[in-house]
Amino acid sequence: MATKAVANEDVLEKVGNTPLVKLDSLSQGNKIFYAKLEGHNPFGSVKDRAAFWMIKDGEEKGILKRGHSIIIEPTSGNTGIALTGIANLLGYKVEIVIPEKASNETKEIIRNLGAKVYETSDDLCPKVGAGTDQSIALATSIASSRPDTYYSPNQYANEANFMGHYKGTGPEIWKQTEGKITHFFTGVGTGGTITGNGAFLKEKNPNVKIIGCQPQQNHLIQGWRNFEESAKPDLFLKRENVVDDWVSVTNAEAFAVVKEVFEKDHLLISPSSAAVYACMKKYEVPDDSCVVGIFADDGRKFKSIYAQQNIMTEDEFDEALKTAKHLSDIQYM
Ligand SMILES: Cc1ncc(COP(=O)(O)O)c(C=O)c1O
């Protein structure tokens, strides 16, 4: 994959304002389902929002100094891409600590965007809690070696991560659905997406149902966490009461819908979007529902995983890329 890095600071103005697309495959009568396509952010995922807001916050607090500070973060992928892409444009070096199970495409994009990458032998999503996680331990240890230079935004506790959704994604969804949203679905990594959107949407209408998607243990959904095998992040714990319900989803259920969504909705979706779709599909909603699911990134980074999992051969994937709808035209890989 060749890098065609997005080359100037204007791109930062493009964080957010992602499209909301109707899912014809799930919508029926007066039950309407939408996908919020976060792959349209400049570096391809929902995490551009958190990265942008955390860097801005670090600068406003005087912690981050352009040309001097190094940003270091443990991440299973999208935050690494987002931080590296955005930080580079602003004049920061970035070091990313990533579990080796993250997709090769993800690691390659991070390297191509210019970060130094450390791989650890962790499970896919860094676990929170002392002694349980190599990537968080390594990032913390590197950062503490030169505290004047290194800054770890720590997405698992950083309020700016919540704010990116409370002030960005939530209001966008409210506007895009003309205040009609009744159900909101997302997976949980740090909890920024679910708590930021949940808090905002419930302020607008306390009846909106906020539904968290829980992957199986030892899952393959990059960016998500299962709360039986990993502690809840501080950011999530602060506002976990916004969650009304949870739906569990297995790897098999998620991977099984990738082709279906491509055939019916012409979207080339990522594993986490497939997991959200599978949850929306099996959750019973009443008539007159307006359901929104966060599709945190698109399928482009997952060619190798889909081939490994026998979802699509590499040739089928290349063919799908030619006709997929609603892929952003931003070239970040
Ligand atoms: C790929 C991916 N990353 C991250 C997240 C969750 O983000 P957060 O860290 O805000 O909980 C999601 C949620 O759907 C996701 O699908």
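All ligand and atom numbering here is 1-based and tracks the order in the structure.
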Undergrad: If you count the atoms of ligand 1 from 1 in the order shown, which ones are under 4.0 Å from a heavy atom of Asn78?
TA: 1 (C)

Undergrad: Where is the nearest protein heavy atom to atom 3 (N) of ligand 1: which residue, which atom, and how far?
TA: Gly223 CA, 3.7 Å

Undergrad: For atom 16 (O) of ligand 1, what's the nearest protein heavy-atom neighbour? Residue, atom name and distance, please.
TA: Ser272 OG, 2.5 Å

Undergrad: Classify the side-chain pair Tyr166/Glu159 by whether it contains a donor and acceptor separated by less than 3.5 Å.
TA: no

Undergrad: Run the salt-bridge test on Asp318 and Lys303 with the 4.0 Å N-O cut-off and return the result as yes or no.
TA: yes

Undergrad: In this structure, are over 12 heavy atoms from other groups packed under 6.0 Å from Lys167 atom NZ?
TA: no

Undergrad: Which part of Trp224 is near ligand 1, with near meaning a heavy atom under 4.0 Å away: side chain, backbone, both or neither?
TA: side chain

Undergrad: Hey, is Thr193 touching ligand 1 through its side chain, its backbone, both or neither, going by heavy atoms under 4.0 Å?
TA: both

Undergrad: Would you mind listing which atoms of ligand 1 come within a distance below 4.0 Å of any non-hydrogen atom of Gly191?
TA: 8 (P), 9 (O), 11 (O)

Undergrad: Only heavy atoms of Val188, strictly under 4.0 Å: list the atoms of ligand 1 that pass.
TA: 11 (O)

Undergrad: Is the distance between the ring centroids of Phe227 and Phe236 under 6.0 Å?
TA: yes

Undergrad: Would Asp234 and Lys238 pass as an ion pair if we require N to O under 4.0 Å?
TA: no

Undergrad: Side-chain donor-acceptor pair under 3.5 Å between Gln222 and Thr106, yes or no?
TA: yes

Undergrad: Under 4.0 Å from a heavy atom of Thr186: which atoms of ligand 1 are those, numbered in the order shown and with their elements?
TA: 13 (C), 14 (O)

Undergrad: Please could you name the atoms of ligand 1 that Lys47 approaches to less than 4.0 Å, counting only its heavy atoms?
TA: 4 (C), 7 (O), 8 (P), 9 (O), 10 (O)

Undergrad: Is Gln155 near ligand 1, meaning one of its heavy atoms is under 4.0 Å from it?
TA: no

Undergrad: For the hydrophobic clusters of this structure (ILVMFWY residues joined by side-chain heavy atoms under 4.5 Å, transitively), does one cluster hold both Leu113 and Met54?
TA: no

Undergrad: Consider ligand 1: state whether an atom of it lies below 4.0 angstrom from any non-hydrogen atom of Ile194.
TA: no

